[in-house]
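The block underneath contains the structure these notes are about, expressed in C-alpha cells.
Order of the sequence lines fixes the chain letters, A, B, ..., with proteins taken first and strands second; residue numbering starts at 1 for each chain.
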Number of protein chains: 2
Amino acid sequence: MSEEKHVPRAEQRRLQMADIARLAGVSVSTVSRALNGSTLVNPETRQRVADLARSLNYSINLSAQNLRLQKNRTIAVVVPYDADSRQHISDPFFLSIVGAIADALTDRGYDMLLQRVDAEHLDQAAHAVDSGKAAGLLIIGQWRHHDQLNELAARKLPVVVWGAQLPQQLYCSVGGDNVLGGRLATEHMLSLGRRRIAFLGDAELPEVMHRREGYWQALRAAGLAPDPALELPAPFEVSMARQQMLDFFDAHRDINAVVACSDLLALQSLQVLRALGRRVPEEVAVMGYDDMPLAAYSDPPLSSVHQPVSKAGAELVEALLKMLEGERLAPIMLPVHLSLRASAPAR
Amino acid sequence: MSEEKHVPRAEQRRLQMADIARLAGVSVSTVSRALNGSTLVNPETRQRVADLARSLNYSINLSAQNLRLQKNRTIAVVVPYDADSRQHISDPFFLSIVGAIADALTDRGYDMLLQRVDAEHLDQAAHAVDSGKAAGLLIIGQWRHHDQLNELAARKLPVVVWGAQLPQQLYCSVGGDNVLGGRLATEHMLSLGRRRIAFLGDAELPEVMHRREGYWQALRAAGLAPDPALELPAPFEVSMARQQMLDFFDAHRDINAVVACSDLLALQSLQVLRALGRRVPEEVAVMGYDDMPLAAYSDPPLSSVHQPVSKAGAELVEALLKMLEGERLAPIMLPVHLSLRASAPAR
DNA sequence: TTGAAAGCGCTAACAT
DNA sequence: ATGTTAGCGCTTTCAA
C-alpha cells in the first residue's frame with residue numbers, strides 16, 4: 001500500500017525529522033524551521049509540528065545539527081589527576097567547584113563534559129575542542145604546567161583555568177586571592193601570639209606558592225624571618241601526608257600554629273597533633289584552606305580561609321562564554337576571607 | 001600557483017581529514033583508515049599520516065563521526081535537583097559518586113556528560129539520548145519518581161539508576177543494601193543499651209524507606225514497637241532541617257540515640273544536640289549514613305554506615321555498558337558496613 | 001509560507 | 001593497498 005523504504009525490523013529506528021515531516025504532512029525544511037522557532041513558518045503549522053515532536057519524544061539529532069552548524073553548546077571541564085598515584089577525584093574542593101560549574105553551565109543552557117586528564121599532560125585537554133566535542137575548556141588547576149596552558153592559549157583555544165595569576169600568562173585564569181589568603185591566615189596566628197608557624201603545602205603548585213608568599217609577607221611584617229624548617233611540602237593526597245606530618249610535628253615541638261593549604265591537610269594535622277598529644281588550639285592553632293562545609297564539623301571546628309566556590313563556578317563560566325564571543329579577558333581574582341572557629345579562634 | 005579553494009582569511013579554519021590527506025598525498029579514505037588503525041593500510045603510510053595528524057593537532061571531528069557511525073561513546077550522568085529550593089549540587093555523597101563515575105568512565109574510554117535536571121521531571125533526562133548526545137543514562141537517585149524511571153525503561157532507553165530496588169521495577173538499579181544499613185545502625189544502638197532511638201530522614205524517598213524498614217526490623221527483633229513520634233522526616237538539604245531538629249530533640253528529651261540518613265544530617269544533629277546541652281555519645285549516640293571521608297573528623301568523630309562509593313561508580317558504569325551490549329540486567333545491591341567512631345562507639 | 005537541493009566531515013562498500 | 005562515491009540528519013539558500 002505504501003512505497004516506504006524497507007524498515008529493518010520491528011526494532012525501533014531512531015526518529016528523525018523526515019518522520020515528523022511525513023506525519024505532519026510538510027517538508028523537512030518546514031519541520032526544521034518550526035522546531036527552531038523561525039518566523040517564516042505558519043504559527044499553526046509550527047504548533048502542529050511542535051506537538052507532534054513532543055508527543056513522539058523527538059529531539060533534534062545534535063551530531064547532525066552540530067556538523068551542519070559548525071558549533072555546539074558543550075563545555076569541557078577538565079579535572080587533572082596525578083598519574084603516579086592513580087589518584088581519583090577525591091579532593092572535596094575540586095568536586096565542589098565542579099558542582100558549581102555544572103550549575104552555572106546549566107543556567108546558561110550549556111552542556112558539561114567532565115573529563116579527567118593526566119596532570120602532566122594538560123595539553124591533552126585540547127582534544128575535546130579539536131574534535132569538536134566542546135566549544136571551550138575549563139581546566140581546574142594549573143598544577144606544574146603553566147607552559148602547557150600557555151601553549152593551549154597560543155593555539156587560540158578558548159580556555160579558562162582555575163588557578164593563580166602568573167608572570168607571562170597567555171591564558172585567562174580565575175582564582176582566589178592566594179597571597180591574601182596566606183597573609184590573612186598567618187596574620188591571624190600572629191595576632192594569637194603565635195611565632196612558630198608551620199606552613200603545609202607543596203609550593204611547586206602556583207596557588208600554594210602564592211599562599212606561602214602571603215605567609216612570608218605576614219611574618220616579615222611582624223619582624224620574623226621565614227624559617228624553611230617550618231615548611232612542609234605536603235602532597236595534596238592526604239593519605240600520603242600522614243607519616244610526613246607525624247615526623248614533621250614530632251621533629252618541631254616548638255610549632256604553635258599551622259597554616260595548611262587545604263582543609264584535608266588541616267584535618268589530617270588535627271589528628272596527627274592529637275596523636276602526638278598536642279592540644280588544639282591551646283598548644284597549636286590550626287587553619288585550613290577552602291572552608292568546605294563539612295570542615296566546620298571537625299573536632300575542634302576548623303578555622304579556614306574561605307573560597308567562594310559557587311561564585312568561582314559562575315565566574316569561570318562567564319569568562320569562558322565571553323571569550324567564545326571573541327572578548328579578550330584579563331585574569332580574575334576573587335576575594336577570600338577567614339572563617340574563624342575553635343581550631344584558631346578569634347581573639 | 002594553486003587552485004585551492006578560497007580560504008576565507010588568515011583566521012584558522014579548523015583542520016579536517018581532507019587537509020591531512022592533501023598534505024600526506026593520499027586520499028581521505030586512507031587517512032580515515034590510518035587514523036582508525038585499519039590493517040588495510042600500509043604501515044609506513046599509516047605512520048606518516050599519524051605523525052602528520054599529531055603534529056598538526058588534528059582530531060577527528062566527532063560530530064561527523066558520530067553522525068556517520070550512528071553511535072557515540074558518551075554517557076550522560078544526571079544529578080537531579082530540587083526545583084523548589086533551587087538547591088544546587090551540594091550533597092557531598094552525590095558529588096563523590098559523580099567523581100567515582102567519572103573515573104570509571106574514563107577507564108573505559110567513555111566521555112561523561114554531567115547534567116542537572118529537576119527532580120520532579122526525571123523523564124527530561126531522556127533528551128540526552130533522544131538527541132544522540134549520549135548513548136546511555138546514569139541517574140543518581142530515584143527521588144519520588146519511580147514511575148517516570150519506569151517509563152524511560154519502557155521506552156527501551158539504556159538507563160541505570162542509583163537507588164533502591166522497588167516492586168514492579170522495569171529499570172536496572174544499583175544501590176547499597178539500605179535495609180541492612182538501617183538494621184545494622186539500629187542494632188548497634190540497641191547493643192549500646194539505647195531504647196529511644198530516633199530516625200532522621202524522609203521516608204518518601206525509596207532509599208530512606210528501606211533504611212527505616214531495617215530500623216523497624218531491628219526494633220521489633222528487640223521486642224520494641226516503632227514509635228512514629230521518634231521519626232523525623234528531615235529534608236536532604238540540611239539548612240532547612242536545623243530548626244526542625246531543634247524542635248524535635250527539644251520535644252523528645254528521652255531520645256538516647258539517633259540514626260540519620262546522611263552524614264550531613266548526622267553532623268547537623270551533633271550541633272543541635274550540643275546546642276541543647278546534650279552530651280554525645282554519653283546521653284545520645286549518633287550514627288550517620290554514607291561515611292564520607294570528612295565526616296570522620298567531626299566532633300566527636302562520626303560513626304556511619306559505610307557505602308562503597310568507588311565501587312558504586314564502577315558498578316553503575318559496568319551495568320550500563322553491559323546494557324548497551326544488549327544484556328538484560330537484574331538490580332544490583334552493594335554491601336554496606338558500619339564504621340564505628342566516638343559518636344556511637346563499639347561496645 | 002513552503003519545498004527542493006546542496007553540503008557540513010566522516011566511514012565503508014565497492015572498485016581497482 | 002588505495003581511491004571513488006554515497007550517504008549519516010540536519011540547516012539554509014534559492015526558487016516558487
Between C/dG3 and A/Arg33, counting only base atoms on the nucleotide and side-chain atoms on the residue, is there a donor-acceptor pair under 3.5 Å?
yes
Closest contact, heavy atoms only, B/Asn72 versus B/Ala135:
OD1-N, 3.2 Å
When you measure from the side chain of A/Ser27, which nucleotide among C/dC10, C/dG3, C/dT2 comes out closest?
C/dG3
Applying a 4.0 Å non-hydrogen cut-off, can you work out what A/Ile60 is touching in the nucleic acid: base, sugar-phosphate, or nothing?
sugar-phosphate
How close or far is atom P of C/dA6 from atom CD of A/Gln70, stated in whole angstroms?
19 Å
May I ask you to say what B/Asn36 touches in the nucleic acid, namely base, sugar-phosphate or nothing, with a heavy-atom cut-off under 4.0 Å?
sugar-phosphate
Calculate the interatomic distance between B/Asn66 atom CG and C/dC10 atom P; express it in whole Å.
12 Å
Of the listed nucleotides C/dT2, D/dA1, D/dC8, the one nearest the side chain of B/Asn42
D/dA1
Go through D/dT2, D/dC10, C/dT11 for me and flag the one nearest to the A/Gln65 side chain.
D/dC10
Out of C/dG9, D/dT11, C/dT2, whichever nucleotide has its closest atom nearest the side chain of A/Met17:
D/dT11
What is the nucleic acid contact for B/Ser29, judged by heavy atoms within less than 4.0 Å: base, sugar-phosphate only, or nothing?
base
Scan A/Ser63 against the nucleic acid and name what it touches under 4.0 Å (heavy atoms): base, sugar-phosphate only, or nothing.
nothing
What's the CZ-P distance between A/Arg68 and C/dC10, to the nearest Å?
16 Å
Starting at CD of A/Gln16 and ending at C1' of D/dG9, how long is that distance when rounded to a whole Å?
6 Å
Hey, does A/Leu40 reach any base, or is it just sugar-phosphate, or nothing, if we go heavy atoms under 4.0 Å?
base
In this structure, how many angstroms lie between the C1' atom of D/dC10 and the NZ atom of A/Lys71, rounded?
14 Å
Taking the six-membered ring for Trp and the single ring otherwise, decide whether the centroids of B/Phe94 and B/Trp143 are under 6.0 Å apart.
yes
Length of the line joining A/Arg22:CZ and D/dG9:C1', which is rounded to integer Å:
14 Å
Between atom CG in B/Leu15 and atom C1' in C/dC8, what is the gap in whole Å?
16 Å
Starting from P on D/dA1, measure out to CZ on B/Arg48 and report it in whole angstrom.
14 Å
How many angstroms lie between CD in B/Glu318 and NZ in B/Lys322, if you round to the nearest 0.5 Å?
4.0 Å
Counting any heavy atom closer than 4.0 Å, what does B/Leu67 reach on the DNA or RNA strands: base, sugar-phosphate only, or nothing?
base
Of the non-hydrogen atoms in A/Leu122 and A/Gly141, which two are nearest, and what is the gap between them?
CD1-O, 4.3 Å
If you round to the nearest 0.5 Å, how far is CG of A/Leu62 from NE2 of B/His127?
5.5 Å
